[in-house]
Amino acid sequence: MSSAEDIISRLGKIPVGFATVLKTFFKKPVTLQYPEQRKPFSARFRGRHHLKRYDDGLEKCIGCALCAAACPADAIYVEASENTDARRFSPGERYAKTYEINMLRCIFCGYCEDACPTNAIVLEPIEFPTGYTREGMIYAKDKLLEAPPAGANGTPQVTPAGRFNRAILPFPPIDASV
Amino acid sequence: MAPILEFTLKSVALILIALTGFAYTTLLERKFIGRLQARIGPNRAGPQGLLQPVADGLKLIVKESITPAQADKLIYFLAPALAVIPALIVFAVIPFGKGSWLSLAGDINIGVLYVLAVLSVGVYGSVLAGWSSNNKYASLGGLRASAQMISYELAMGLSIVAVVLMASNASLNGIVEYQQPGNILGWLIFRQPVAAAIFAITALAELARAPFDLVEAEQELTAGFITEYGGMKFALFYMSEYVKMIAMSALFATFFLGGWSGPGVNEPGALGVILSVLYFAVKVFVCLLCIVWVRATLPRFRYDKLMSFGWKALLPIALANVMVTALLIVSGVPGYK
């Protein structure tokens, strides 16, 4: 059994607790109204993947599948196909005909970003992928590929012969005489 | 014929008010406890979350009703009703305002006894629910409910005895009228602070609300006696808890906060009546807020501490309070007669 002073000192602490709780009532709630309000991500946050384009609208991805090889979760599937000057998707010989990332398998480690020789795949600080079905969580090119820059055409493009022989920068300047 | 019609109409009105009150007390609690925890609380269903109780009710109504295979079916179905009915009929004697027509049963002279009797019956809902579910957590919850409520009922009864001694009247309206003359200092909370404190504590224990919510202590007993209940059967237990919360607040307001009394209630005609109902509603509202405030502040008691607190602290103090009150009244101390 506790002593009388002990009991009294403990009882004296009860009003302190009540006051603390009541003080909180007058504070601003810390709740974030999620879908409308969002916390800003850091600029280097590894969010979901985007496939980038060059300024002229060509896709950076050359379908080399190094990202798929680097992926520890085996979440990436790439199927390459041949570029022609009449029907060009990306610089160089090949482009990614199929590019799929299973967002349910992805662990957002960013190794695909490191492996990419053309900086085509970038994990950007935007919202995480969400979906109602497993199929819907497999993101194909229609979701991954960013829109062409303003003023540029999308792919495929008709390109001058010989200009995009290399898969990476620098590309030869545009020959005005052609 | 006419009295039956009047009682029927008043009963229907009272039940509707109690059930609406129950729905919005849940919202009040969730909103207020949210703010006390630096959260917002429900604000999606309807403007400012005002339709949240409707959404909750709809959800519970359309839920599948499951009965455990090993349950005692009849008692399992009966228990929720046994919990709700006492909670609702407590309101019969509470004077909601000036004039005896503002309480359902009128001004009956054994109102206090009726209240104590009906509140005691309420425990059967919890006990039978716990037993009939045939689940170990539910049984433990039911056992705790019975032990806790029996222990705290004694102290509660004694705290009310002090009030009845003061008012020398066992009708709730008589107790209110005893507190009404003069000013706010006529309230019994100032002349019977010990009884008020004991009533407040035991009321929380009777309600099985924090910090005395051992009956449904989530961390120990899953959900206690309501573990096996779902859908509307669960909602009935929920309803009984919140309706009892309103009833206990109303009783506290009646016994210690002057009930419907307040400045201007002696005005003749409708004004006095409206003011009296308003004062009573405000007092009940404040008591409800305090119950939520207590829940947000205090952690749950340990079960053995709960029992020893009830028997070794509250009961002796309540007895001593009755004795001191009686002595004060007999010796004619000013303010006590």
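Below, chains carry the letters A, B, ... as their sequence lines are ordered, and counting in each starts from 1.
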>> Tell me if a side-chain donor or acceptor on B/R35 pairs with a main-chain N or O of A/T24 at a distance below 3.5 Å.
In response: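 Between the backbone of A/T24 and the side chain of B/R35 there is no qualifying donor-acceptor contact (under 3.5 Å).
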Heavy-atom count check: over 12 atoms from other residues, nucleotides or ligands less than 6.0 Å from [X] [atom1]?
| X | atom1 | answer |
| --- | --- | --- |
| A/D55 | CG | no |
| A/E146 | CD | yes |
| A/Y111 | OH | no |

>> Nearest 0.5 angstrom please: A/I14 CD1 to B/L298 CG, how far?
In response: 6.5 Å
>> So which atom in B/W293 and which in A/F18 form the shortest heavy-atom distance, rounded to 0.1 Å?
In response: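 Closest heavy-atom pair between B/W293 and A/F18: NE1-O, 3.1 Å.
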> Taking only heavy atoms into account, what residues of residues 36-45 of chain B are found under 4.5 Å from chain A?
Replying inline: B/L36, B/Q37, B/A38, B/R39, B/I40, B/N43, B/R44
> So which pairs with a foot in residues 193-209 of chain B pass side-chain hydrogen bond (donor to acceptor under 3.5 Å, both in side chains), sequence neighbours left out?
Replying inline: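 Residue pairs with at least one partner in residues 193-209 of chain B: B/E29-B/R209, B/R209-B/E241.
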